[in-house]
Trainee: 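Got a structure for you, questions after.
Both ligands and their constituent atoms are indexed starting at 1 by order of listing. Only this structure's heavy atoms are used, side chains among them; waters, hydrogens and symmetry mates stay out. Residues take their numbers from the sequence shown, with the count starting at 1.
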Amino acid sequence: MLSKIHHVGLVVRSADAALSFYRDALGLPVSVDRVIEDQGVRGVLLPIGDAEIELLEPTRDDTGVARYLETRGEGMHHVCLASDDCAADLKAAAAAGVQLIDEEPRPGLAGMIGFLHPKSNHGVLIEYATPIEESHVGASADALAQRIDHIGVVVEDISVAAATYERHFGFSLDDSRGGPIAALGIENAFMPAGNTDFEFIKPTSDEGPVAKFAAERGEGSFLLSLAVTDAAGAVEALRAGGVRAGDANGGVAFVSPRSSFGVNLQLVQRS
Ligand code: CO
């Protein structure tokens with residue numbers, strides 16, 4: 001069974017450079033920093049709330065991660081769901097018609113892992129992980145961001161995407177939230193997966209960043225939103241560290257992708 005979002009994987013050119021933002025500016029601790037030779041990546045895990053941010057730096061040119069970086073640049077790469085039995089959940093996904101990248105679990109940074117093809121999940125590369133031990137999970141009290149609030153996924157049709165995710169992963173929409181937001185030219189819906197939500201976002205206008213993303217890249221992971229206790233204070237602290245960030249507006253602020261290594265990164269104030 002799948003219980004929650006375990007981590008979000010980001011592809012970066014240099015983990016050392018990206019740590020200057022994710023570790024030093026956001027104040028997230030590093031729990032694992034390891035080169036996995038046979039996969040040609042250096043992986044760094046930074047706990048945040050009951051989830052993690054995973055930085056992936058290719059160490060060779062002949063891997064999927066390296067090709068992804070070459071064609072799409074730095075940014076969000078995959079979303080990992082915690083599984084209590086990766087082998088069984090991969091089998092169940094195959095039975096539900098999901099195209100698998102890994103038929104069988106293999107050892108990865110987060111435990112026994114397996115990947116599902118993004119084509120089957122509205123452009124999002126999904127990983128399942130059965131953590132071998134959870135001892136590394138735990139956030140830092142002084143971190144600027146407390147948890148991953150939500151992951152924004154641009155889709156063509158919200159009910160179709162929600163039905164797919166419900167069928168594949170067993171999560172359900174929270175009908176009390178979401179709807180059209182005319183000012184942003186979008187419509188959205190929220191699907192809790194543990195303490196983090198999937199936010200499905202559909203452009204309802206031809207203008208704006210969501211419409212641009214949909215036109216250029218189609219469906220897929222669009223936004224990483226982190227919960228902070230004070231958005232304006234967080235912006236001030238980040239700017240003091242040289243990070244480019246917009247002003248907080250209604251408890252929401254955006255970090256420039258130039259400072260967050262290609263990620264469309266939102267800070268949202270939660271009490
Ligand atoms: Co991962």
Trainee: Pick from Glu57, Met76, Glu54, Glu74: which one makes a side-chain contact (heavy atoms from CB on, under 4.5 Å) with Leu10?
Mentor: Met76
Trainee: Is the ring pair His77/Phe115 parallel, tilted or perpendicular, if the boundaries are 30 and 60 degrees?
Mentor: perpendicular
Trainee: Tell me every residue that passes ring pair (Phe, Tyr, Trp, His ring centres under 6.0 Å) with Phe21, counting only those two or more places apart in sequence or in another chain.
Mentor: none
Trainee: Hey, is Asp157 close enough to Lys202 for a salt bridge, meaning N to O under 4.0 Å?
Mentor: no
Trainee: Pull up every protein N/O/S atom sitting under 2.8 Å from the Co ion (ligand 1), skipping waters.
Mentor: His7 NE2, Glu54 OE1, His78 NE2, Glu127 OE1
Trainee: So does Glu236 have more than 12 non-hydrogen atoms from other groups sitting under 6.0 Å from CD?
Mentor: no
Trainee: Do Phe171 and Ile158 belong together in a cluster built from hydrophobic side chains that touch within less than 4.5 Å?
Mentor: yes
